[in-house]
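Everything quoted here is computed from the prediction, not taken from an experiment.
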Amino acid sequence: MPQQEHPNLVFVIADQLRYQACGYSGETRARTPNIDRLATEGINFENAVTVSPVCGPTRACLFTGKYPTSTGFFRNDIRCMPDPDAIGHILTQAGYQTAYIGKWHLYGRESDEQYIPPGKYRLGFDDFWASYAWNDDYYSSFYYRDSDAREVMDGFQSDYLTTMGLHYLEQRDKTRPFALFLSTDVPHPPLMRDNAPPDHYANFEQMDFSDLLYATDELFEQFTPAFDRQWQYDHIIAPHHEQCCAYYAMISNVDDNVGRLLAYLDEHQLSENTIFVFTSDHGEMLGAHGRGNKRIFYEESIRVPFLLRWTDHIKSDTLTDVFMNTPDIAPTLIDLLNLSVPIGMEGFNYAPFIRGEIGGEDIPQFAFMQMLQCQKLNHHEEWRGIRDGDFLYARLLRNGKEFLFNHKDDPQEMNNLVNEQEHQAALLHYRTLLEGSATKLNDEMHLPEWYEAHWLEDGCVVRSATRQLDE
């Protein structure tokens with residue numbers, strides 16, 4: 001098939017899928033043959049991280065190529081600031097037909113504000129739209145098109161969303177390049193048997209997941225005292241096996257649907273003209289450090305799969321340890337699509353590295369992460385962090401507590417090295433990196449109350465550290 005000037009794009013984003021739960025990452029219990037296939041047929045960014053491990057803030061960064069302090073989207077359940085440089089606008093202006101299917105989470109200010117009307121808050125995805133704010137009841141899912149008439153999904157959410165994606169590919173204008181973004185809530189909690197596909201769930205019921213449940217004496221209450229050990233037992237320890245079975249079952253279902261998309265591209269001879277990306281917005285603790293969910297700086301929360309396949313253009317079975325961070329995704333993809341990267345994007349453009357035009361010495365040597373707040377709840381977990389090939393450094397903003405882990409030698413991050421004399425030089429080094437990164441982004445490292453008071457009006461983001469809504 002003749003090559004287009006601008007390749008197509010299929011971008012699949014799961015929700016709360018951690019890197020450690022995939023077969024290609026070494027998890028022998030996982031059933032992810034199609035995701036694993038992507039890792040062998042393209043490039044695997046094994047050190048990909050999320051800039052802010054919570055849904056909405058990460059997605060704002062993903063589409064805009066900016067950091068949380070520049071998007072102003074500091075927590076869930078607020079309305080994003082429109083951004084004319086978002087990737088959807090770049091694609092639309094270049095003549096792409098765009099499709100956005102699935103979870104958005106950048107508009108609804110409350111749980112019942114699910115409809116995203118056409119216009120600036122869709123960030124440039126102006127063609128096919130079938131979306132909603134969020135919904136993690138996977139057998140009672142819904143979506144909206146261009147009116148507030150709710151349309152109900154039949155069956156399991158990710159199956160239905162993928163079917164819509166395949167239908168779009170079949171009905172699209174074959175004379176123009178396309179960009180399909182498919183965003184599923186799966187495998188986001190609640191992690192329960194009844195919320196997972198039963199055929200997949202049955203495959204994991206006899207497996208032992210006890211090795212995933214570990215902690216030191218410093219448990220959940222060191223961050224949020226209200227979540228004491230009784231809470232931890234009731235919500236983390238007692239239901240752990242069911243949660244793991246549901247989580248891995250949901251991931252297996254996501255994998256099935258990745259396989260359906262890959263099969264369509266191969267069958268219709270589109271693989272050579274199509275960049276295929278698979279990733280997740282953030283991870284899931286799943287019992288590690290006695291915790292569930294995300295928000296925190298541990299590996300299980302911040303590390304995500306990022307796989308990119310472009311048949312005959314990117315060497316297969318490529319493994320790289322570079323630090324792909326969420327704001328890096330948009331500029332990298334825009335360049336790979338042979339388009340101009342907006343000057344306002346703050347993420348690093350890895351496209352020249354992927355093409356072999358620059359070496360490792362020319363790329364970032366660490367990732368900077370910003371956790372500003374999680375929803376309206378005060379979790380006492382506002383932090384900033386630095387992760388490189390050996391260490392993870394994080395600072396809690398409310399009390400100044402520091403963490404330094406050698407994740408290379410201590411992959412479970414059980415030993416905080418902050419007070420060890422032989423690591424004081426490293427501690428100073430990472431403090432300097434964190435302060436420098438924050439200064440570069442005008443990040444004054446406020447507490448959530450400050451952002452609530454200064455950046456929001458009626459639940460809408462109207463300003464940030466670097467931008468202000470002109471309207």
Side-chain angles (χ1 to χ4, degrees), residues 1-14 22-24 31-45 87-88 90-102 125-130 158-184 252-279 305-320 329-330 332-339 350-351 354-357:
M1 180 174 290
Q3 296 294 302
Q4 300 168 175
E5 178 186 3
H6 302 292
N8 307 309
L9 173 64
V10 173
F11 190 100
V12 179
I13 178 169
C22 298
Y24 76 88
R31 297 196 176 192
T32 54
N34 297 296
I35 296 172
D36 300 345
R37 171 189 167 191
L38 281 174
T40 61
E41 293 184 351
I43 182 168
N44 168 18
F45 291 81
I87 189 171
I90 303 304
L91 293 167
T92 298
Q93 292 162 10
Y96 275 79
Q97 48 191 323
T98 61
Y100 193 91
I101 298 174
F125 291 103
D126 296 334
D127 295 328
F128 184 84
W129 180 269
S158 54
D159 294 335
Y160 192 95
L161 294 175
T162 304
T163 297
M164 276 202 292
L166 293 171
H167 181 73
Y168 165 78
L169 291 176
E170 192 64 29
Q171 299 298 317
R172 76 190 192 282
D173 178 355
K174 306 298 195 298
T175 66
R176 297 166 55 201
F178 66 85
L180 167 62
F181 285 72
L182 198 154
S183 173
T184 174
S252 184
N253 171 268
V254 171
D255 182 84
D256 285 350
N257 288 301
V258 168
R260 294 171 65 196
L261 292 166
L262 293 175
Y264 182 92
L265 296 178
D266 291 344
E267 179 183 350
H268 292 82
Q269 298 181 309
L270 289 168
S271 293
E272 293 181 15
N273 278 351
T274 303
I275 295 173
F276 194 107
V277 176
F278 178 79
T279 190
F306 192 88
L307 305 172
L308 190 153
R309 184 189 80 163
W310 191 8
T311 305
D312 292 344
H313 292 80
I314 294 176
K315 185 179 178 182
S316 61
D317 208 15
T318 299
L319 178 68
T320 180
I329 295 172
T332 298
L333 291 179
I334 289 169
D335 190 342
L336 288 176
L337 295 172
N338 198 24
L339 302 172
Y350 279 103
I354 293 171
R355 292 192 293 258
E357 298 167 358

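- Looking at every heavy atom in both residues, T279 comes nearest to P305 through OG1-O, 2.7 Å.
- Residue T184 comes nearest to S158 through the heavy atom pair OG1-CB, 3.5 Å, listed as atom of the first residue, atom of the second, then distance.
- With no hydrogens or angles considered, no side-chain donor-acceptor pair links D256 and N34 at under 3.5 Å.
- Contact check for L307 versus F45: no side-chain heavy atoms found under the 4.5 Å cut-off.
- The two residues L182 and T162 come nearest to each other via the heavy atoms CD1-CA, 3.7 Å.
- Atom CD of E272 sits about 4.5 Å away from atom CG of D312, to the nearest 0.5 Å.
- With H167 contributing its side chain and G165 its backbone, the two residues share no donor-acceptor pair below 3.5 Å.
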* **Step-by-step side chain to side chain contact (heavy atoms under 4.5 Å, CB included) determination, F276 to T311** => CA-CA 9 Å; F276 194 107; T311 305; over 6 Å; no
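- L270 places a side-chain heavy atom less than 4.5 Å from the side chain of Y264.
- A salt bridge links R309 to D266: one of the charged nitrogens lies within less than 4.0 Å of a carboxylate oxygen.
- Interatomic distance, T332 OG1 to I275 CD1, rounded to the nearest 0.5 Å: 10.5 Å.
- The nearest pair of heavy atoms linking L339 to A94 is CD2-CB, 3.4 Å.
- T163 is not listed as a side-chain neighbour of N257, based on a closest heavy-atom distance of 4.5 Å or more.
- In this structure, L180 CG and L9 CG are separated by 8.0 Å, a value rounded to the nearest 0.5 Å.
- Inter-residue side-chain proximity for E41 and D317 is flagged as unmet; no heavy-atom pair is nearer than 4.5 Å.
- In this structure, the side chains of T40 and Y24 stay at 4.5 Å or more apart for every pair of heavy atoms.
- Note that CG of L265 and OG1 of T274 are 5.0 Å apart. Values are rounded to the nearest 0.5 Å.
- Looking only at side-chain heavy atoms (C-beta outward), D335 and R355 come within less than 4.5 Å of each other.
- The nearest pair of heavy atoms linking P177 to P7 is CB-O, 4.4 Å.
- In this structure, the separation between CG on N253 and OG1 on T32 is 13.0 Å, given to the nearest 0.5 Å.
- Taking 4.5 Å as the limit, some side-chain heavy atom of F278 sits within range of a side-chain heavy atom of I35.
- In this structure, H6 and Y96 have tilted ring planes: the angle between them lies in the 30° to 60° band.
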* Dump the intermediate steps for ring-ring contact (aromatic ring centres under 6.0 Å, His included) on F128 and Y100, then the final yes or no. => CA-CA 6 Å; F128 184 84; Y100 193 91; over 10 Å; no
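- Put simply, CG on N44 and OG on S316 are 12.5 Å apart, with the number rounded to the nearest 0.5 Å.
- Within the 4.5 Å cutoff, the side chain of I354 has heavy atoms near those of the L336 side chain.
- Q97 is linked by a side chain to side chain contact (heavy atoms under 4.5 Å, CB included) to D127, Y168, R172, D173, R176, F178, counting only residues two or more places apart in sequence or in another chain.
- No side-chain N or O of N8 forms a donor-acceptor pair with one of N273 less than 3.5 Å apart.
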